[in-house]
There are 4 protein chains.
Amino acid sequence: MQRRAQLLECATEMFAERGYHETSVAEIVDRLGVGKGVFYWYFSSKEELLAEILRGSSLDLRRRQQASIRDIADPMVRIEIGIRTSMQWFYEHRKYFALFQSAANIEPFASVARKNSDVAIADAVRHIKDAIVEGQIADQDPEMLAQAVVGVIEKLTRVYIFDRDEPADRAADATVSFCLNGLCRLSPIPVS
Amino acid sequence: MQRRAQLLECATEMFAERGYHETSVAEIVDRLGVGKGVFYWYFSSKEELLAEILRGSSLDLRRRQQASIRDIADPMVRIEIGIRTSMQWFYEHRKYFALFQSAANIEPFASVARKNSDVAIADAVRHIKDAIVEGQIADQDPEMLAQAVVGVIEKLTRVYIFDRDEPADRAADATVSFCLNGLCRLSPIPVS
Amino acid sequence: MQRRAQLLECATEMFAERGYHETSVAEIVDRLGVGKGVFYWYFSSKEELLAEILRGSSLDLRRRQQASIRDIADPMVRIEIGIRTSMQWFYEHRKYFALFQSAANIEPFASVARKNSDVAIADAVRHIKDAIVEGQIADQDPEMLAQAVVGVIEKLTRVYIFDRDEPADRAADATVSFCLNGLCRLSPIPVS
Amino acid sequence: MQRRAQLLECATEMFAERGYHETSVAEIVDRLGVGKGVFYWYFSSKEELLAEILRGSSLDLRRRQQASIRDIADPMVRIEIGIRTSMQWFYEHRKYFALFQSAANIEPFASVARKNSDVAIADAVRHIKDAIVEGQIADQDPEMLAQAVVGVIEKLTRVYIFDRDEPADRAADATVSFCLNGLCRLSPIPVS
DNA sequence: TATGAATGAGAGTTCATTCAT
DNA sequence: TATGAATGAACTCTCATTCAT
C-alpha cells in the first residue's frame with residue numbers, strides 16, 4: 001500500500017529529526033495531509049509503527065551486508081567489506097541510524113534493538129571465528145572482538161557521517177584500519 | 001542537602017532503568033514518599049534535573065580520569081589508564097552510563113551530551129598527538145582515532161558491564177588490547 | 001461551529017459571573033458535559049479564549065454603535081444616540097460588560113482592553129470636535145470630555161443595568177441628561 | 001507593628017502592579033527578604049490581606065474627604081472639594097487606585113468593594129440632596145447623580161492620573177467642570 | 001517571632017486512541 | 001478507506017498554607 005509506505009517514511013524522518021516522544025501522531029498525519037484515521041488503519045499504535053520501522057530497516061541492512069559478502073572466501077576481507085557496506089548503508093539511510101541508536105534507550109524497543117544487535121554480532125562472530133581458525137586473528141573471545149568492531153563502526157558513523165554529514169569513505173577507511181589492526185595481532189599486547 | 005541528593009539519586013536510577021520520558025515527576029516523588037512540591041523546591045524543572053545529573057556525573061568522571069593519569073609520562077600508558085579508569089567508573093556508576101547514552105538522543109540534552117563528549121575526545125586527542133610525536137602511533141587523524149577508542153569503550157561497557165553486569169576487568173582488558181593494537185601500528189594497514 | 005460557539009458562550013457566562021482566574025477550563029468543559037480535549041481542539045489556550053471573546057464582542061458593540069449613528073448629522077444627537085445604543089447593548093449583553101471591566105485589570109488583556117477603549121474614545125472625540133466646531137460645546141480638551149462621558153456610561157451601566165438588573169432606559173436617560181449638560185455649557189464654570 | 005505595615009505596603013504595590021492573582025505570597029515575602037511564616041503570623045490568608053488593604057485605604061480616603069469638607073456650608077462647594085480631594089488622594093496613592101478597581105471584579109472582594117462604594121455614594125448623595133433642597137440642582141434621583149460623578153472621577157483618574165501619570169490638577173479641573181455642569185441645570189435637558 | 005522545607009489539591013495543557021459519519 | 005471531533009488519563013508545574021525547628 002502506498003499510504004503505508006508514506007507513513008513509514010514520513011514517520012522515520014520525523015522520529016530521526018526530533019525523536020520518538022517528541023513527534024506526535026497528529027504531526028505525522030498533518031505533514032502527510034491526511035486524517036488521523038489513516039494512521040490507525042495501517043498501524044495499531046504509534047509503538048507498533050516504530051517497531052515496524054526498526055524491523056524493516058535492520059532487515060534491509062542485513063540483506064545488503066550478506067549480498068556484499070556472499071562470494072568472498074577470506075574472512076578478514078569479509079569483515080572489511082562488512083564494515084564498509086554497513087557504513088555506506090548508514091550513509092544512505094542516515095535517518096535510520098539515529099533511530100537505531102535512540103530506540104535502544106526507549107523501554108519498549110530496547111528488546112527489539114537488542115535482538116537486531118545480536119544478529120549483527122552473530123554474523124561478525126562467524127567471520128572472526130573463521131579468521132581465528134585460519135590463524136589470522138589471535139585466539140580471543142570472538143564476541144568481544146565483534147562488539148568492539150561494531151562499537152567503532154557506530155561511533156565513527158555517528159560523528160562523521162551522521163553529525164558532520166561527511167560521505168562514508170573517510171570514516172570507513174579509518175574504521176577498517178583501526179579494527180583490522182585491533183584484530184590482527186596474533187597475541188594481545190601486554191597490559192601494564 | 002539531603003533531600004536534593006535523594007532526588008538526584010532516585011531520579012538517576014529511574015531515568016536509567018525506564019528512561020527520561022517514561023519516568024514522571026510524580027513517580028519520582030512517590031518513590032521517595034514525599035509531596036510533589038519537594039521536587040520543585042529543589043529543581044526548577046524536570047529538564048533541569050537531568051541536566052544537573054549529566055553535569056555532575058560527567059564532571060566526576062573527568063576528575064577521576066585526570067587524577068589517575070596525572071603523573072604518567074608515557075602517552076600510550078596514559079591512554080591505557082584512561083580506558084581502564086573510565087570503564088571502572090562506569091562500572092561503579094552503571095546508572096549514569098545509560099543516562100549518558102540516552103541523553104544524546106533527547107533533544108534538549110543533545111547539546112550538553114555533545115559538549116561532554118567533545119571534552120572527553122579532546123583529552124584523548126592530546127595523548128594521541130603526544131604518542132604520534134613520539135613515534136608510537138602512525139600519523140593519522142588523531143580525532144578519528146580518539147573517537148574509535150571511545151566507541152570501543154562505550155560498546156563494551158554497554159554490553160558487558162551494563163547489560164550483563166560483569167565487573168569491569170574483562171571488558172577493559174579487551175578494550176585496551178583492541179585499541180592499543182588499533183592505534184599502535186606505525187602505518188595503517190593497506191586498504192583492499 | 002456549534003461547539004466553538006457553545007464554549008464561547010459558556011465561558012463568557014462563567015467568566016462574567018465568577019471571574020477569569022476563578023473559572024477553570026475543567027469547569028467550563030464540565031458544565032458543557034464534554035471532555036477537556038474539546039476545549040483545546042477549538043482554542044489554543046484559556047488566554048486565547050478570553051482574547052477571542054473580547055475581540056468578538058467589542059467588534060459587535062462598535063458595529064452596533066456605528067449603524068445607529070450613520071445617518072445622523074447633528075453631532076450632539078450622535079453623542080446621545082451613541083450613549084443610548086451602548087447602554088442598550090450592554091443591557092442585552094450584560095455578561096460581556098463584566099468581562100470588559102475586569103479584563104482591563106488582568107495583565108495579558110490590559111493591552112487589548114486599552115486598544116478597545118482607545119477606539120471607543122476616538123469615535124466619541126470625533127463627535128465632540130464636530131460639536132466644538134459648530135459651537136455647541138465649549139473649546140475644551142475633547143478627549144477628556146469623551147473620557148468623562150464614557151466614565152458615566154460605564155458607572156451607571158454597572159450599577160443600574162448590571163448589578164441591579166434594571167432595563168437600560170432609566171440609566172441611559174440619566175447618562176444623557178448628565179453628559180449633555182456637562183458638555184454643553186459654552187464656557188467651563190469658574191473653578192473656585 | 002512595623003512588619004505588618006511593611007507587608008501591607010509591599011503587597012499593595014505588587015498587587016497594584018501585577019494583579020492579585022499574579023502576585024504570590026512567596027514573591028511578597030521574598031521582596032521583603034523574610035520567611036513565609038512572617039506572612040501567616042500577621043495575616044490569616046492572602047485573601048484577608050487584600051481585604052485589609054481595601055478596608056484601611058478606603059477608610060483613609062474617607063477621612064481625608066471628610067476633613068476637607070468639614071467646615072464648608074455650600075453643598076456645591078462640598079461636592080467640588082470632595083472631587084478634588086478624592087483625585088488628589090488617588091494621585092498620592094496611585095497604587096490603591098488600581099486595587100480598588102480590580103477588587104470589584106474579584107469574587108471574594110466584590111462585596112467589600114461594593115460596601116466601600118456604597119459609603120462613598122451615600123456621602124455624595126447627602127450633598128446632592130442638600131443642593132436640591134437649596135435649589136442648586138434640579139430634582140432628580142440623587143443617587144444616580146452621585147454615581148455619575150463618581151464615574152467621571154474614576155475614569156479621569158484612571159486615564160490621566162494612573163495610566164498617564166499626570167498630576168491631579170488637570171483631570172480634577174475637568175471633572176469638576178463636567179460634573180458641576182452636569183448637575184447644575186435646573187431642569188434636565190429634553191431627551192430627543 | 002521567624003524560618004523555609006514540605007504538602008497536595010488543582011491548574012493548564014498534551015496526546016494516543018476511538019468512532020460516528 | 002478516510003475524516004476529524006471527541007475522549008480522558010496523564011503530564012508538568014504552581015502556590016496557598018502548615019508546622020517542626
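Heavy atoms only: backbone and side chains are in, while hydrogens, waters and symmetry mates are out. Proteins come first, then strands; the chains are lettered A, B, ... in the order of their sequence lines, and each starts at number 1.
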Trainee: Among all residues two or more places apart in sequence or in another chain, which pass the ring pair (Phe, Tyr, Trp, His ring centres under 6.0 Å) test with D:F15?
Mentor: D:Y20
Trainee: Which whole-number value in Å describes the distance from C:Y42 OH to E:dT13 P?
Mentor: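 Atom-to-atom, C:Y42 to E:dT13, this comes out as 18 Å.
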Trainee: So B:E13 and B:R31, do their side chains get closer than 4.5 Å, heavy atoms only?
Mentor: yes
Trainee: Any side-chain heavy atom of C:F39 sitting closer than 4.5 Å to one from C:L49?
Mentor: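 In short, these two side chains touch, coming nearer than 4.5 Å.
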Trainee: Please list, in numerical order, the residues of residues 43-57 of chain A that have a heavy atom closer than 4.0 Å to any atom of DNA chain E.
Mentor: A:S45, A:K46
Trainee: Treating A:R4 as the side-chain partner and A:Y42 as the backbone partner, does any N or O pair qualify as donor plus acceptor under 3.5 Å?
Mentor: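 Flag set: sc A:R4 to bb A:Y42 pair under 3.5 Å.
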Trainee: Taking NZ, NE, NH1 and NH2 as the nitrogens, is one of them in C:K36 or C:D30 under 4.0 Å from a carboxylate oxygen of the other?
Mentor: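 No salt bridge links C:K36 with C:D30.
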Trainee: Would you tabulate the side-chain donor-acceptor contacts of residues 55-62 of chain B under 3.5 Å, counting partners in other chains and residues two or more places apart, or write 'none'?
Mentor:
unit_1, atom_1, unit_2, atom_2, d
B:R55, NH1, B:E52, OE1, 3.1
B:S57, OG, B:I53, O, 2.7
B:S57, OG, B:L54, O, 3.3
B:S58, OG, B:L54, O, 3.0
B:S58, OG, B:R55, O, 3.3
B:S58, OG, B:N116, OD1, 3.4
B:S58, OG, B:N116, ND2, 3.3
B:D60, OD2, B:W89, NE1, 2.8
B:R62, NE, B:D123, OD2, 2.8
B:R62, NH2, B:D123, OD1, 2.9
B:R62, NH2, B:D123, OD2, 3.4

Trainee: Taking atom P of F:dT1 as reference, at what distance in whole Å does atom CD of A:Q2 sit?
Mentor: 12 Å
Trainee: F:dC15 C1' sits how many Å from C:H21 NE2, rounded?
Mentor: 13 Å
Trainee: Go through the structure and list residues passing salt bridge (Lys or Arg N to Asp or Glu O under 4.0 Å) with C:R63, not counting sequence neighbours.
Mentor: none
Trainee: Holding to side-chain contact (heavy atoms from CB on, under 4.5 Å), I want the full list of residues that pass it with C:S44, two or more places apart in sequence or in another chain.
Mentor: C:E48
Trainee: Output yes when at least one side-chain N/O atom of B:Y40 is less than 4.0 Å from OP1 or OP2 of F:dT14, else no.
Mentor: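 No, because none of the side-chain N or O atoms of B:Y40 sits under 4.0 Å from OP1 or OP2 of F:dT14.
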Trainee: Which residues pass the ring pair (Phe, Tyr, Trp, His ring centres under 6.0 Å) test with B:F90, not counting sequence neighbours?
Mentor: B:F97
Trainee: Would you please name every residue forming a side-chain contact (heavy atoms from CB on, under 4.5 Å) with D:A16, sequence neighbours left out?
Mentor: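 So D:A16 forms a side-chain contact (heavy atoms from CB on, under 4.5 Å) with D:K95, D:A98, D:L99.
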Trainee: Measure the distance from CZ on D:R3 to P on E:dT1 and round it to the nearest whole Å.
Mentor: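 Between P of E:dT1 and CZ of D:R3: 10 Å.
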Trainee: Without decimals, in angstroms, what is the distance between C:K36 NZ and E:dC15 C1'?
Mentor: 13 Å
Trainee: Return the residues of residues 22-35 of chain A meeting this criterion: a heavy atom under 4.0 Å from some atom of DNA chain F. Order them by number, or give none.
Mentor: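 Per residue number, the list reads A:V34, A:G35.
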Trainee: Defining pairs by Watson-Crick or G-U wobble geometry with both distances under 3.5 Å, how would you list the stems of DNA chain F with at least three pairs each?
Mentor: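 Stems for DNA chain F, defined as runs of 3 or more consecutive pairs: E:2-21 with F:2-21.
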Trainee: Expressed in angstrom and rounded to an integer, what is the separation of A:R4 atom CZ from F:dT1 atom C1'?
Mentor: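 Rounded to whole Å, this separation is 15 Å.
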Trainee: Working to the nearest 0.5 angstrom, can you tell me the gap between C:Q6 CD and C:I28 CD1?
Mentor: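 The distance works out to 13.0 Å.
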Trainee: Do any of residues 100-111 of chain A sit with a heavy atom less than 4.0 Å from DNA chain E, and if so which?
Mentor: none
Trainee: By the side chain to side chain donor-acceptor pair (under 3.5 Å) test, which pairs, at least two apart or in different chains, include something from residues 99-113 of chain C?
Mentor: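 Listed once each, the pairs are C:N105-D:R158.
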Trainee: Mind calculating the distance between CG (A:L7) and P (F:dT1) to the nearest angstrom?
Mentor: 13 Å
Trainee: First locate atom CG of D:L7, then atom CZ of D:F43, and finally report the distance between them rounded to the nearest 0.5 Å.
Mentor: 5.5 Å
Trainee: Roughly how many Å is it from OH in D:Y20 to P in F:dC15, rounded to a whole number?
Mentor: 13 Å
Trainee: Residues two or more places apart in sequence or in another chain: which of them pass side-chain contact (heavy atoms from CB on, under 4.5 Å) with C:E27?
Mentor: C:M14, C:R18, C:T23, C:S24
